Amino acid sequence: MDKIFADNILQGKVAFVTGGGTGITGGVARAFAEQGAKLAIVSRKIENLEAMKAEVEAFGGECFTVAADVREYEAIENAIKQTVEHYGKIDIVVNGAAGNFLCAADQLSPNGFGTVVDIDTKGTFNVCRASFEALKESKGQILNISATLHYLATPMQIHVSAAKAGVDAITRNLSVEWGRHGIRVNGIAPGPIEDTEGMKRLLMPELKEKLTRKIPLGRFGRIADIENAALFLTSDAASYVNGVTLVVDGGSWLLGTSLT
Ligand code: COA
């Protein structure tokens, strides 16, 4: 993609990114590092982070890795503490860690439902809560990765829909409560993104063609589309944007084709 932003728009910033090793949030983390941010990336398994660390260090960026489960408050508190000790501060927190699988509501166990809510919703709260003091100090910001599944109704996704509705509520609530402290809180709701591992596996060529016709902008999204939205929201260009979940889906959900 052609260059869109000026160079180094996040120079000097420290970004703490959960789920930042792979997928959409991995792309966001790498884009932040390319724009000068120092990264701390967090995942349940440290091996999920190694490739991203190597990639970032190869272009001269800094990448600190921490293994922690967003469901465990103490582990997250410790990850935040280690990051502040390592870099001296945190400016940007990205909540990207998420759990997902397809399952019909009448087949889903209460524990299956609760597990996704614990990762997505409680995990987002845990990370926000644990980073509050650091963000208050830096007048930083939070970016929550959400979805469009819950705007209408998405079969086989009751657990993720409920979890992401909760994430959107957290975005709005904290933007009001923590806006007073100079902390901006926003979200991104990605639509159908073609270059994630999950979508690559799912998208047979015929299915892709059929689905593409249903997307108002006539193409699937790319991880780079989400990276650009994340760079805008976390840059000074969005310094008066607070409490917004920016939908980046080519208009898909308006036709009931969220595809995510
Ligand atoms: N269908 C139905 N139920 C499922 C399921 C599936 N595909 N996967 C997990 N569950 C249920 C389990 O049966 C269990 O409920 P039970 O105790 O009543 O049987 C509950 O969810 C917890 O499962 P478990 O595997 O112990 O949880 P975990 O914490 O190890 O992992 C996930 C949970 C969601 C992360 C896991 O399903 C997973 O690895 N998903 C794929 C990776 C992923 O989600 N990546 C993010 C993409 S956005």
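For ligands, and for the atoms within them, numbers begin at 1 and follow the listed sequence. Just so it is clear, the structure is predicted and the values come from calculations on it, not from any experiment.
Listed by chain and number, Arg44, Arg71, Ala98, Gly99, Asn100, Phe101, Cys103, Ser109, Asn111, Gly112, Thr115, Ile119 each place a non-hydrogen atom less than 4.0 angstrom from ligand 1.
Asp225 contributes no side-chain N or O that, together with a main-chain N or O of Gly221, makes up a donor-acceptor pair within less than 3.5 Å.
The side-chain contact (heavy atoms from CB on, under 4.5 Å) test applied to Gln11 returns Asn8, not counting sequence neighbours. Residues satisfying the side-chain contact (heavy atoms from CB on, under 4.5 Å) test with Lys45, not counting sequence neighbours, are Glu47, Asn48.
Note: His86 and Phe64 have parallel aromatic rings, judged against thresholds of 30 and 60 degrees for the angle between ring planes.
For the salt bridge (Lys or Arg N to Asp or Glu O under 4.0 Å) condition, the pairs that include at least one residue of residues 77-87, sequence neighbours left out, are Lys81-Glu85.
Rounded to the nearest 0.5 Å, atoms CZ (Arg44) and CG (Leu49) are 12.5 Å apart.
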